[in-house]
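Order of the sequence lines fixes the chain letters, A, B, ..., with proteins taken first and strands second; residue numbering starts at 1 for each chain.
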Number of protein chains: 4
Amino acid sequence: MSPHSSTADIDTESVTGERSQRRRRKDARPSELTAAALELFVEKGFAGTRLDDIAARAGVSKGTLYLYFDSKEALFTAVIEEGIVPALAAAEQQFAGYQGRTSDLLRVLLLGWWQQIGSTRMGGVVKLIISESHNFPEVTQYYHDHVIVRGRSLLRRALQRGLESGEFRQMDVDSAIDVIIAPLLMLVIWRYSFCICGHDIEPEKYLETHFDLLIQGLLDKGRVQ
Amino acid sequence: MSPHSSTADIDTESVTGERSQRRRRKDARPSELTAAALELFVEKGFAGTRLDDIAARAGVSKGTLYLYFDSKEALFTAVIEEGIVPALAAAEQQFAGYQGRTSDLLRVLLLGWWQQIGSTRMGGVVKLIISESHNFPEVTQYYHDHVIVRGRSLLRRALQRGLESGEFRQMDVDSAIDVIIAPLLMLVIWRYSFCICGHDIEPEKYLETHFDLLIQGLLDKGRVQ
Amino acid sequence: MSPHSSTADIDTESVTGERSQRRRRKDARPSELTAAALELFVEKGFAGTRLDDIAARAGVSKGTLYLYFDSKEALFTAVIEEGIVPALAAAEQQFAGYQGRTSDLLRVLLLGWWQQIGSTRMGGVVKLIISESHNFPEVTQYYHDHVIVRGRSLLRRALQRGLESGEFRQMDVDSAIDVIIAPLLMLVIWRYSFCICGHDIEPEKYLETHFDLLIQGLLDKGRVQ
Amino acid sequence: MSPHSSTADIDTESVTGERSQRRRRKDARPSELTAAALELFVEKGFAGTRLDDIAARAGVSKGTLYLYFDSKEALFTAVIEEGIVPALAAAEQQFAGYQGRTSDLLRVLLLGWWQQIGSTRMGGVVKLIISESHNFPEVTQYYHDHVIVRGRSLLRRALQRGLESGEFRQMDVDSAIDVIIAPLLMLVIWRYSFCICGHDIEPEKYLETHFDLLIQGLLDKGRVQ
DNA sequence: CATGAATGAGGTTTCATTCAT
DNA sequence: GATGAATGAAACCTCATTCAT
């Protein structure tokens with residue numbers, strides 16, 4: 001049995017910690033495999049990626065993949081899970097115990113998301129989920145429940161903080177959340193899809209404009225700032 | 001030509017309406033096939049879609065596909081092109097000769113895009129291009145040059161109109177364009193990808209919020225409105 | 001590199017003889033496959049031969065063919081090339097350093113061709129080339145340039161040797177070459193095509209008659225033998 | 001039922017003669033079809049030839065072929081039969097009632113074969129039979145029995161005529177027949193197979209050399225000519 | 001642990017054959 | 001008679017999966 005044979009058993013290995021010598025190598029190897037797999041899945045899609053290519057990019061033989069993953073699907077699942085776990089932790093910690101104006105918090109959240117998620121390997125997971133949602137409904141559901149819901153919940157708390165403090169004017173919070181997130185997700189999609197057309201976006205300037213427009217749109221102009 | 005050959009020509013071709021039934025079918029076939037193909041490509045991706053399924057959904061046999069398209073790839077290309085041509089026309093005509101405030105124009109453009117493109121079959125093309133960009137670089141380039149560039153150009157003219165009239169405050173126009181477009185594209189992606197999670201978006205409310213935030217963010221507050 | 005990684009390298013690669021069984025199989029496979037393919041191509045023609053049949057005759061699965069040959073066409077090419085290379089060597093060596101009467105040399109060449117080429121697996125290549133010449137013009141050209149031209153050149157030297165020594169009477173050498181070769185090629189064709197009709201030829205008697213008629217036809221009767 | 005649905009019913013239509021008006025067109029058409037089919041079968045082989053191509057070359061639609069032939073195989077059979085019938089008649093009549101030296105008769109037969117069979121459309125049939133013999137054993141058998149056997153019988157009578165008159169020396173008649181025929185058959189094969197290599201043969205010179213060598217080889221030198 | 005040769009189910013593609021017009 | 005759109009069986013080819021080494 002490979003360590004990634006099931007979708008459910010996340011967070012289990014991080015606790016074990018012992019069985020160092022023998023186990024370390026076995027644990028270390030899969031991340032090289034999932035890393036190679038992620039790149040290719042993002043590039044060519046799940047069905048369009050051959051295990052030969054993944055093995056080649058990871059520098060192992062095709063058979064080796066089956067030492068760690070029961071099937072191509074299990075590898076896909078592992079790729080997503082590996083990209084989700086740190087994303088969860090990273091996103092949550094930025095909000096906790098923030099002091100200062102909500103507009104600044106929003107800025108921290110947006111820019112932080114880019115630096116810690118969007119621009120990293122995990123950005124590819126976003127595109128992957130979008131592309132393969134219908135082929136892997138459980139995985140999509142999992143991603144939705146554990147990443148999207150929690151991310152939206154985080155943003156909702158931020159917006160409500162601004163509303164309660166009187167910084168922000170009234171709005172439809174649920175819609176606003178999606179509208180605020182959209183440019184973030186599109187940024188990674190943009191970079192993974194249209195990069196080949198020569199039309200590339202400068203993330204910092206793009207995010208700054210997004211933030212600027214957003215804050216001006218959210219602020220309650222009737223108040224004295 | 002034999003002078004007696006006339007008998008052969010009488011009742012075979014002259015009655016033009018005769019083969020109309022068949023003809024109508026043959027003319028309609030390609031778009032029936034691309035329609036079925038688009039749905040499945042969007043749902044399962046290019047590599048994940050079987051020609052059997054496309055044929056079955058279109059109600060024809062597998063071999064019939066090859067009467068109209070040389071290969072699966074040619075079918076893909078046709079699907080995209082068929083979705084692009086009307087998109088081009090639709091996008092351009094909304095801007096021409098608009099009178100009134102630029103903020104209203106912007107609203108017309110955003111909502112109009114949804115009604116005429118995003119919510120229609122062509123919305124699927126957006127997701128398809130995003131998913132398959134690396135597998136079909138030429139198609140992606142084509143889409144970029146003919147749809148994205150022209151759509152951005154349209155939006156640029158709108159923003160500059162607002163800047164010149166003094167309605168809008170200063171901004172980085174290029175970034176703003178992408179930021180404005182992002183929620184539109186994400187709306188279709190959202191509907192094609194996460195609809196299966198029970199989390200669906202109400203397009204009108206979403207777009208209204210987008211527009212509202214955007215206008216507040218763009219307006220020059222220093223001016224008397 | 002970890003200083004403890006040495007254990008991993010001990011008993012995996014160093015014992016060179018270990019994978020000999022497998023290796024021997026892999027090395028032998030291509031010629032096993034081409035041998036099976038040749039038989040069937042000769043029998044049924046290129047288009048009429050199914051890869052399943054070739055695989056079955058070679059005792060492997062269909063997929064295995066593609067481990068060694070990129071396509072059916074590549075397999076065909078390999079079949080021909082494999083039959084040509086030894087033919088080249090065999091043909092050339094029969095002439096080199098022959099002492100004695102030219103008529104005897106001619107006899108050696110004709111009978112030798114049959115024993116070393118015509119009656120062997122390479123005889124099938126002749127029929128194959130003839131049948132598929134228009135479908136594989138490059139292969140045909142290759143065969144022409146490397147086998148036919150050299151074979152004719154060999155025969156030309158033999159005839160000229162006879163002319164110079166005064167053994168043979170005057171003739172149109174170029175035509176004579178083709179006339180001499182024809183019964184050889186027809187012999188293999190005969191055996192591959194009309195063997196099924198019950199009408200089979202005895203090669204030795206046939207060749208002896210060919211040689212006999214030929215020598216009598218070539219000799220200069222005016223001379224004292 | 002098409003007139004060519006069975007292999008056995010040859011020579012039946014030539015006797016009918018009536019039913020002129022209606023029937024004439026129906027009878028005339030197939031020869032255009034078989035002519036087109038012969039060319040392509042010779043060029044690409046039976047399995048390698050598509051009915052579309054035959055129809056296109058004959059200038060009719062694909063469905064029309066099925067008005068005259070039950071299947072692709074029936075068309076193949078008809079092609080051969082059409083090429084055989086006149087070949088039989090032509091070959092036989094050259095021998096009947098010939099006066100003069102047997103060597104001259106032989107020359108007439110060889111050159112006549114080329115002019116009336118080898119160089120005509122029927123030459124292609126030879127190559128076709130050779131290529132497809134295993135795929136169509138009955139057709140091959142038919143060709144063997146009706147053409148080869150009769151042709152060999154003709155040649156046998158010629159050789160025996162020469163032996164009885166004392167013109168020719170002793171030989172193994174059966175082998176000689178095949179050796180004499182071989183250059184003829186190879187001539188057509190040569191022209192159908194290696195014509196694409198730029199190496200073409202001049203039939204007249206080739207046949208002249210064949211005849212010359214042959215006669216010298218056959219003649220009884222001990223006799224006074 | 002790791003390999004990579006071998007497999008065979010399943011995909012794309014072709015094409016002989018049919019049949020409504 | 002003639003057509004050519006439609007079919008589906010069967011071909012070529014791919015690739016996830018297995019297993020002897």
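- Per the geometry, CZ belonging to R29(C) stands 11 Å off C1' belonging to dT7(E), to the nearest Å.
- Between F46(A) and F136(A), the distance separating the two ring centers is shorter than 6.0 angstrom.
- Contacts between residues 47-69 of chain B and DNA chain F, defined by a heavy-atom separation below 4.0 Å, involve V60(B), S61(B), K62(B), G63(B), T64(B), L67(B), Y68(B), listed by number.
- In this structure, a donor-acceptor pair under 3.5 Å is absent between the side chains of T34(B) and S31(B).
- If you measure from atom CG of L33(B) to atom P of dT12(E), you get 15 Å, rounded to the nearest angstrom.
- Separating the CG atom of D27(C) from the C1' atom of dA5(E) is a distance of 12 Å, rounded to the nearest angstrom.
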* Begin from the C-alpha positions of V60(C) and R29(C) and carry the test side-chain contact (heavy atoms from CB on, under 4.5 Å) through to its verdict. => CA-CA 9 Å; V60(C) 301; R29(C) 268 289 142 75; 3.6 Å; yes

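- The distance from atom NZ of K44(A) to atom P of dT14(F) is 15 Å, rounded to the nearest whole Å.
- Spacing between atom CZ of F76(B) and atom P of dT13(E) amounts to 14 Å, rounded to whole angstrom units.
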* Represent DNA chain E in dot-bracket notation, 5' to 3'. Only Watson-Crick or G-U wobble pairs with both distances under 3.5 Å count; pseudoknot-style crossings use [ ] and interstrand partners use |. => .||||||||||||||||||||

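- K72(B) has its NZ atom 8 Å from the C1' atom of dG11(E), to the nearest Å.
- Summarising the geometry, the separation between CD on E32(C) and P on dA5(E) is reported as 14 Å, rounded to the nearest angstrom.
- No more than 12 heavy-atom neighbours from other residues, nucleotides or ligands sit within 6.0 angstrom of CG on D70(C).
- Expressed to the nearest 0.5 Å, how far CG of N135(A) lies from CZ of F76(A) amounts to 8.0 Å.
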* Chi angles and distances behind the side-chain contact (heavy atoms from CB on, under 4.5 Å) call for I54(D), F41(D) -> CA-CA 9 Å; I54(D) 296 174; F41(D) 284 155; 4.0 Å; yes

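- Considering every non-hydrogen atom in both K44(A) and T49(A), the closest pair reads CB-OG1, 3.6 Å.
- Residue R57(D) places its CZ atom among more than 12 non-hydrogen atoms of other residues, nucleotides or ligands, all under 6.0 Å distant.
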